[in-house]
There are 2 protein chains.
Amino acid sequence: MFRISRLTDYGIVVMAHLAECRDDDSHNARELAEDTQLPAPVVSKILKSLTRAGLLVSQRGSKGGYSLARSPDEIPVVEMITALEGPVGITECTIQPGACAQESSCQVRDPWHRINGAVHAALEKITLADLAKPIDPTGPFIPLVGMDGDETDHTASNAKALE
Amino acid sequence: MFRISRLTDYGIVVMAHLAECRDDDSHNARELAEDTQLPAPVVSKILKSLTRAGLLVSQRGSKGGYSLARSPDEIPVVEMITALEGPVGITECTIQPGACAQESSCQVRDPWHRINGAVHAALEKITLADLAKPIDPTGPFIPLVGMDGDETDHTASNAKALE
DNA sequence: GGATATCGGACTAAATAGGTCCTGTAAATA
DNA sequence: TATTTACAGGACCTATTTAGTCCGATATCC
Ligand code: FES
Ligand code: FES
């Protein structure tokens, strides 16, 4: 129903946790599962996917574990989502041309592409650093929403969170 | 996979078709299915959902059918999506508080809310009139993307479409 | 009254997501 | 070297959701 899967949500929680405790040593899967209160096998599965996508680096053997591959502010949300559930695309046709019977006669194809682009851009601007609480504010807090002004309240709450 | 369901996509295609032929008489389900090249039972199901949500008005009996309840520029995309697949929310927690075990300790809950708000706002700005080709340009063409400038190409193509 | 077309929901089948478990392999340690 | 630890990669099963079909009831027009 137009939402990210629970696995992805979990994955981002784990990533945020890793971003939060900015120590260099790697955390193993069991430990991360405990910290985030999530089922261990699931966390393990998620970690493997994230590693394969190049968002985490893994260290095998005893004292092994996972750690962030990059700085949190260089990991956009869209990349985490992509890693865990494939390419982001509002509609099927957005990703895979030719999947649709209409295609040629379809009126809404092009507009969907633009909508998709807008959402994609929004998810690209937001990084893991924005999700994790900035306990060490060395870098500036990047504004979350990249939309131009509208009168809904979330932008207000965002502005409040900034100051 | 972070996309709208195929049914919803179909539904919007049908709505766009209805918006395109701006005659006042209602179109029946069979006719709409033919025009859009979609399976008739599916179209029928979609039409019922859209009617229940108040986006279409139906007329029973012979010469019956469906027509738009409002002007296309007063039907936002988000409403069509909501009608066909429930409330728009990126994460489960965004919609239903208490579904998550963490909830209290969760770091990412609030940022997700803001992301969700941004996407929601984007889908609210885009209306059915933007999706259907403006064959009768009495009203101005409303810009699709409501995000502030970024360097990806879709905004460029959008700007090109405007002028 | 008969033809037409929506209404509402039940129903089945297919696809996807969620979750578990097992075998192999790399690294550290004793 | 032997042992322990912990990731890698799948196979696998189950639950849930989605897609699609169908039918009896009801409303409208002629
Ligand atoms: S719905 Fe697939 S191309 Fe338009
Ligand atoms: S993941 Fe559910 S409240 Fe944070």
Side-chain angles (χ1 to χ4, degrees), chain A residues 1-11 13-14 18 25-34 38-67 69 81 83-87 89 91-92 95-96 99-101, chain B residues 1-11 13-14 18 25-34 36-67 69 81 83-87 89 91-92 95-96 99-101:
Chain A
M1 299 157 184
F2 192 56
R3 65 192 63 154
I4 61 175
S5 74
R6 208 187 317 164
L7 262 319
T8 306
D9 195 3
Y10 289 171
V13 169
V14 172
L18 273 171
D25 34 310
S26 53
H27 303 243
N28 66 37
R30 183 190 50 75
E31 186 186 340
L32 287 171
E34 272 179 19
L38 296 171
V42 176
V43 170
S44 176
K45 187 179 197 173
I46 291 168
L47 290 168
K48 282 184 251 183
S49 297
L50 291 168
T51 304
R52 232 169 317 188
L55 297 178
L56 295 176
V57 288
S58 63
Q59 180 70 21
R60 292 215 218 183
S62 95
K63 304 209 72 170
Y66 297 91
S67 52
I81 295 177
L84 289 166
E85 57 186 57
T91 63
E92 278 181 271
I95 303 171
Q96 189 178 355
C100 227
Chain B
M1 300 157 181
F2 193 55
R3 67 191 63 152
I4 61 175
S5 74
R6 208 187 318 166
L7 262 319
T8 305
D9 196 2
Y10 289 171
V13 169
V14 172
L18 273 171
D25 33 311
S26 53
H27 303 242
N28 67 35
R30 183 190 49 76
E31 185 186 340
L32 288 170
E34 273 178 20
T36 55
Q37 303 267 38
L38 295 170
V42 175
V43 170
S44 176
K45 187 181 197 171
I46 291 169
L47 290 168
K48 284 184 248 182
S49 297
L50 290 169
T51 304
R52 233 168 318 192
L55 297 178
L56 294 177
V57 288
S58 62
Q59 180 71 21
R60 291 214 217 182
S62 94
K63 305 211 71 173
Y66 297 90
S67 52
I81 295 178
L84 289 165
E85 58 186 58
T91 63
E92 278 182 272
I95 303 171
Q96 187 177 356
C100 227

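Computed from a predicted model, the values in this text were never measured in an experiment. We use all heavy atoms of the structure for the numbers below, so side chains are in, but hydrogens, waters and symmetry mates are not. Just so it is clear: chains get the letters A, B, ... in the order the sequence lines come, proteins before strands, and each one is counted from 1.
Note: CG (A:Asp9) to C1' (C:dA17) measures 14 Å, nearest angstrom. Atom C1' of nucleotide D:dA6 and atom NZ of A:Lys63 are separated by 13 Å, given to the nearest angstrom. Following rounding to the nearest Å, A:Glu31 (CD) and D:dC7 (C1') show an atom-to-atom distance of 14 Å. Put simply, CG on A:Leu32 is 12 Å from C1' on D:dA6, counting in whole angstrom units. The separation between A:Ile4 atom CD1 and C:dT16 atom C1' is 16 Å, rounded to whole Å. The nearest whole Å value for the distance from the OH atom in B:Tyr66 to the P atom in C:dT4 is 17 Å. Atom C1' of nucleotide C:dG18 and atom CG of A:Leu38 are separated by 13 Å, given to the nearest angstrom. Between B:Tyr10 atom OH and D:dA19 atom C1' there is a gap of 9 Å when expressed in whole angstrom units.
With sequence neighbours excluded, the residues satisfying side-chain contact (heavy atoms from CB on, under 4.5 Å) with A:Glu34 are A:Arg30. With sequence neighbours excluded, no residue forms a side-chain contact (heavy atoms from CB on, under 4.5 Å) with A:Lys45. Every side-chain contact (heavy atoms from CB on, under 4.5 Å) that A:Pro41 has, sequence neighbours left out, goes to A:Pro39. With sequence neighbours left out, the side-chain contact (heavy atoms from CB on, under 4.5 Å) criterion links B:Ile81 to A:Trp112, B:Ile4, B:Thr8, B:Ile12, B:Val77, B:Glu85, B:Val88, B:Leu123. Residues satisfying the side chain to side chain donor-acceptor pair (under 3.5 Å) criterion with B:Thr51, sequence neighbours excluded, are absent altogether.
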Set out, in order, the CA-CA distance, both residues' side-chain angles and the distance that settles side-chain contact (heavy atoms from CB on, under 4.5 Å) for A:Tyr66 and A:Lys48, then state yes or no.
CA-CA 9 Å; A:Tyr66 297 91; A:Lys48 282 184 251 183; 4.0 Å; yes

Determine whether A:Leu56 and A:Leu18 satisfy the following criterion, side-chain contact (heavy atoms from CB on, under 4.5 Å), listing intermediate values before the conclusion.
CA-CA 10 Å; A:Leu56 295 176; A:Leu18 273 171; 3.7 Å; yes

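Across every non-hydrogen atom of B:Ala69 and B:Val57, the tightest pair is CB-CG1, 4.0 Å.
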I'd like a table of atom pairs between the protein and nucleotides 1-3 of chain D - only N or O on both sides, under 3.5 Å - with the distance next to each one.
none

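Residues from residues 42-50 of chain B placing a heavy atom under 4.0 Å of any atom in DNA chain C, listed by number, are B:Lys48. Looking at residues 52-61 of chain A, you'll see A:Arg52, A:Ser58, A:Gln59, A:Arg60, A:Gly61 sit with a heavy atom under 4.0 Å from some atom of DNA chain D.
When side chains are defined from C-beta on, B:Leu50 does not count as touching B:Val14, because their heavy atoms never get closer than 4.5 Å. For the pair A:Leu84/A:Leu7, no side-chain contact is recorded, criterion being any heavy-atom separation below 4.5 Å from C-beta on.
Toward the 5' end of DNA chain D, the nearer of the two residues A:Thr51 and A:Ser62, judged by each one's closest nucleotide, is A:Ser62.
Under the 3.5 Å distance criterion, the side-chain polar atoms of B:Arg52 are left unmatched by any main-chain donor or acceptor of B:Ala83.
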